[in-house]
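Side chains included, hydrogens not; waters and symmetry mates left out as well; all remaining heavy atoms used.
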Amino acid sequence: VQLQASGGGLVQPGGSLRLSCAASISIWRIALMDWYREAPGKQRELVTTIGSGGATNYAGAVRGRFTISRDTTEDTVYLQMNRLKSEDTAVYYCHADYGRGYWGQGTQVTVSS
């Protein structure tokens, strides 16, 4: 499974970004797809997950601001990030649980004025 993440960039506090993660196989076949993030000097942490049935979960720090969704026709998972804060600055990684874990390359999100 190959995962291609995109959509990162520089945004001011309070702004929005949408990340994309395109999979090389049908995402219907993937049990869980996740977004993780890794801030400088910190461990990689789970941000949000979406199951093959569409159920979602969010870390407390992003609940109500971030939304994970998927387009099964495009085999792509999205992360809509609103009301961004400086503490959201990190490299964001998509991950797929398909027998074992697969990682996409990271995409940098920087929230700064």
Side-chain angles (χ1 to χ4, degrees):
V1 179
Q2 293 182 327
L3 303 172
Q4 182 70 40
S6 61
L10 173 64
V11 64
Q12 292 186 342
S16 298
L17 278 176
R18 190 178 78 156
L19 306 183
S20 300
C21 177
S24 62
I25 66 170
S26 172
I27 60 175
W28 283 110
R29 301 169 60 186
I30 300 175
L32 280 175
M33 291 193 72
D34 322 295
W35 286 98
Y36 283 77
R37 66 186 182 186
E38 187 171 335
K42 295 187 178 181
Q43 288 188 325
R44 192 172 297 188
E45 63 176 357
L46 178 63
V47 175
T48 180
T49 65
I50 187 165
S52 58
T56 60
N57 280 293
Y58 297 91
V62 308
R63 190 174 293 119
R65 299 188 297 121
F66 290 11
T67 303
I68 189 170
S69 62
R70 61 183 185 170
D71 183 339
T72 55
T73 65
E74 297 290 334
D75 294 321
T76 299
V77 172
Y78 300 99
L79 180 62
Q80 178 67 43
M81 305 185 293
N82 298 328
R83 292 185 280 138
L84 282 159
K85 305 176 182 180
S86 58
E87 51 262 46
D88 295 318
T89 294
V91 179
Y92 284 71
Y93 297 89
C94 61
H95 174 267
D97 180 0
Y98 183 66
R100 67 170 182 88
Y102 294 86
W103 293 95
Q105 90 289 3
T107 185
Q108 176 71 47
V109 172
T110 302
V111 184
S112 175
S113 56

Joint cluster assignment, Leu17 & Tyr78, ILVMFWY side-chain distance < 4.5 Å: no
Donor + acceptor pair across side chains of Thr49, Asp34 (<3.5 Å): no
Heavy-atom check, side chain of Phe66 versus side chain of Val47, under 4.5 Å: yes
Pairwise side-chain contact, Leu3 with Met33, heavy-atom cut-off 4.5 Å (strictly under): yes
Arg37 and Tyr92: side chain donor to acceptor below 3.5 Å: yes
Straight-line distance of His95 NE2 to Cys21 SG, nearest 0.5 Å: 10.5 Å
Pairwise distance OG1(Thr48) to CD(Gln80) - rounded to 0.5 angstrom: 12.5 Å
Criterion side chain to side chain contact (heavy atoms under 4.5 Å, CB included) against Val109, the qualifying member of Val91, Leu19, Thr89: Leu19
Approximate separation, where rounding is to 0.5 Å, of Asp75 CG and Gln4 CD: 14.0 Å
Trace of the side-chain hydrogen bond (donor to acceptor under 3.5 Å, both in side chains) decision for Tyr98 with Arg29: CA-CA 8 Å; Tyr98 183 66; Arg29 301 169 60 186; 2.7 Å; yes
Same cluster (ILVMFWY, side-chain, under 4.5 Å), Leu79 and Val11: yes
side-chain contact (heavy atoms from CB on, under 4.5 Å) against Thr56, all qualifying residues, sequence neighbours excluded: Ile50, Tyr58, Ile68
Approximate separation, where rounding is to 0.5 Å, of Ile27 CD1 and Ile25 CD1: 9.5 Å
Flag if over 12 foreign heavy atoms under 6.0 Å of CD, Glu38: yes
Over all atoms of both residues, closest heavy-atom pair of Leu46 and Ala59: O-CB, 3.6 Å
Glu87 atom CD: more than 12 heavy-atom contacts under 6.0 Å: yes
Side-chain donor or acceptor of Thr107 paired with backbone N/O of Gly8 under 3.5 Å: yes
Nearest non-hydrogen partners of Ala5 and Cys94, listed with the distance: CB-SG, 4.1 Å
Separation of Ser20 OG from Arg70 CZ (nearest 0.5 Å): 15.5 Å
4.5 Å side-chain heavy-atom contact, Tyr93 and Arg44: yes
Distance (rounded to the nearest 0.5 Å) between Tyr102 OH and Ile30 CD1: 9.5 Å
Residue pair Trp103, Tyr36: steps toward the ring pair (Phe, Tyr, Trp, His ring centres under 6.0 Å) verdict: CA-CA 10 Å; Trp103 293 95; Tyr36 283 77; 4.9 Å; yes
Sub-4.5 Å side-chain heavy-atom contact between Ser112 and Ser86: no
Selection residues 56-65 - residue pairs positive for salt bridge (Lys or Arg N to Asp or Glu O under 4.0 Å), sequence neighbours left out: Arg65-Asp88
